[in-house]
Amino acid sequence: IRHINHSKKYSQHKTNKRSFLQIKKMFSLKFIALPLVIIIITFISFVFYNSDYFVVNDNTIIVNKTGFLINENDLKGFIKSNLSNTKLFNINNTNASNLLKENFMYIKDIEVTKKYPNTLVLNITERKPIFAIYNNDINESYMVYEEGYIISKISKEYDFLFKVNYLDEIIENTYIQNKIFDTYTNLMSQVDKFDLTINKITFTNQNSVVYLDNNIKVLISYSKNVDNTFIIVDSIIKNTNEKIIDTIDLRFNKVIVSYL
């Protein structure tokens, strides 16, 4: 019996010793493996970071734009100088968007999208010209955009724009007066509702003159609400029999009609 107990104790001691050695070996491997894994990951990260794998270049910048106003060569040249040869993850979308808006006034909105590993997509919406302005001192017409912003001379793609005689100095990269812009947009939105056609509009600092295709002149004050302008004009024309109307003056509280 004593011999059997002694054998059991020896066997148990041997098993415990073997388990301890296995645990010790396992911990030793972990302590060796963990730093090794960290070194490998660090090395791979260093190689990738310093390689050209994430670098944006001319061939990986995709520009999608609407309109004809932005010169594509100028745009690509600017992008090449400021965004090309930059790692994609170092490009801040908001900063890139603001940078392009500040340097290209034709840009109304821009969406910057990243496609890893190194593709930058720019979806650009151009400002839309509403009409053109000119005056007797210059031979060129200038395009007026949303919010009344004057950016540049008219381009051949937009030669169809309605041209307004603007009796004031025309300065690029400035705004025309809000009252003038609002008057134009309101008039154009109304006239299509009636059997009337506008041939010409002249804007001064005080009022506007609308020339209809039937040679009637309509005088409008900026201080007056122009929403009902053509309702009044249409009613006067329809209720005039044999007389030929020369001018309809809407600048005052009382409408004044002049005949030829």
Is any side-chain heavy atom of [Y] closer than 4.5 Å to one of [X]?
{"X": "N253", "Y": "K224", "value": "yes"}
{"X": "K87", "Y": "V56", "value": "no"}
{"X": "T174", "Y": "Y149", "value": "no"}
{"X": "K114", "Y": "Y116", "value": "yes"}
{"X": "Y259", "Y": "D246", "value": "no"}
{"X": "D58", "Y": "K76", "value": "no"}
{"X": "I220", "Y": "N207", "value": "no"}
{"X": "I198", "Y": "M188", "value": "yes"}

Enclosure of L260 CG (heavy-atom neighbours >12, cutoff 6.0 Å): yes
Assess whether atom CD of E157 is packed by more than 12 heavy atoms of other residues, nucleotides or ligands within 6.0 Å. yes
Of the non-hydrogen atoms in [X] and [Y], which two are nearest, and what is the gap between them?
{"X": "S155", "Y": "M143", "result": "N-CE, 3.8 Å"}
{"X": "T185", "Y": "D182", "result": "OG1-O, 3.0 Å"}
{"X": "N71", "Y": "N73", "result": "OD1-N, 3.0 Å"}
{"X": "E102", "Y": "M105", "result": "O-SD, 4.0 Å"}
{"X": "D213", "Y": "N199", "result": "CA-ND2, 3.1 Å"}
{"X": "V255", "Y": "I236", "result": "CG1-CD1, 3.8 Å"}

Do the ring planes of [X] and [Y] sit parallel (below 30°), tilted (30 to 60°) or perpendicular (above 60°)?
{"X": "F89", "Y": "F54", "result": "perpendicular"}
{"X": "Y222", "Y": "F203", "result": "tilted"}
{"X": "F162", "Y": "Y184", "result": "tilted"}

At what distance, to the nearest 0.5 angstrom, does [atom1] of [X] lie from [atom2] of [Y]?
{"X": "T86", "Y": "N118", "atom1": "OG1", "atom2": "CG", "answer": "12.0 Å"}
{"X": "K163", "Y": "I201", "atom1": "NZ", "atom2": "CD1", "answer": "13.0 Å"}
{"X": "L75", "Y": "I70", "atom1": "CG", "atom2": "CD1", "answer": "6.0 Å"}
{"X": "N123", "Y": "S97", "atom1": "CG", "atom2": "OG", "answer": "11.0 Å"}
{"X": "S152", "Y": "Y158", "atom1": "OG", "atom2": "OH", "answer": "10.5 Å"}
{"X": "I237", "Y": "I232", "atom1": "CD1", "atom2": "CD1", "answer": "12.0 Å"}

Would you say [Y] ends up clustered with [X] if hydrophobic residues are merged whenever their side chains have heavy atoms under 4.5 Å apart, either directly or through other cluster members?
{"X": "Y53", "Y": "L83", "result": "yes"}
{"X": "I110", "Y": "L88", "result": "yes"}
{"X": "F104", "Y": "V63", "result": "yes"}
{"X": "I107", "Y": "Y175", "result": "yes"}
{"X": "F181", "Y": "Y134", "result": "no"}

Donor-acceptor pair, distance only, cut-off 3.5 Å: does the side chain of [X] make one with the backbone of [Y]?
{"X": "K108", "Y": "E146", "value": "no"}
{"X": "D234", "Y": "F230", "value": "no"}
{"X": "S81", "Y": "G77", "value": "yes"}
{"X": "T183", "Y": "K179", "value": "yes"}
{"X": "T247", "Y": "D249", "value": "no"}
{"X": "N186", "Y": "D227", "value": "no"}
{"X": "N93", "Y": "V112", "value": "yes"}

Is the Y142 to Y166 ring centre distance short of 6.0 Å? no
Given V233, which of V210, I216, V191, L250 fulfils the side-chain contact (heavy atoms from CB on, under 4.5 Å) condition? L250
Given the rule in the side-chain contact (heavy atoms from CB on, under 4.5 Å) test, do Q177 and N205 qualify, once you have shown the distances and angles that lead to the verdict? CA-CA 9 Å; Q177 298 177 57; N205 285 327; 3.2 Å; yes
Should K65 and E126 count as an ion pair when the cut-off is N to O under 4.0 Å? yes
What do the steps show when you test V144 against I130 for side-chain contact (heavy atoms from CB on, under 4.5 Å), and what is the final call? CA-CA 6 Å; V144 179; I130 307 299; 5.6 Å; no
Assess whether side-chain contact (heavy atoms from CB on, under 4.5 Å) is satisfied between L69 and R127, documenting all intermediate values. CA-CA 9 Å; L69 298 169; R127 293 180 185 271; 5.7 Å; no
Begin from the C-alpha positions of I151 and N173 and carry the test side-chain contact (heavy atoms from CB on, under 4.5 Å) through to its verdict. CA-CA 5 Å; I151 297 182; N173 298 321; 4.3 Å; yes
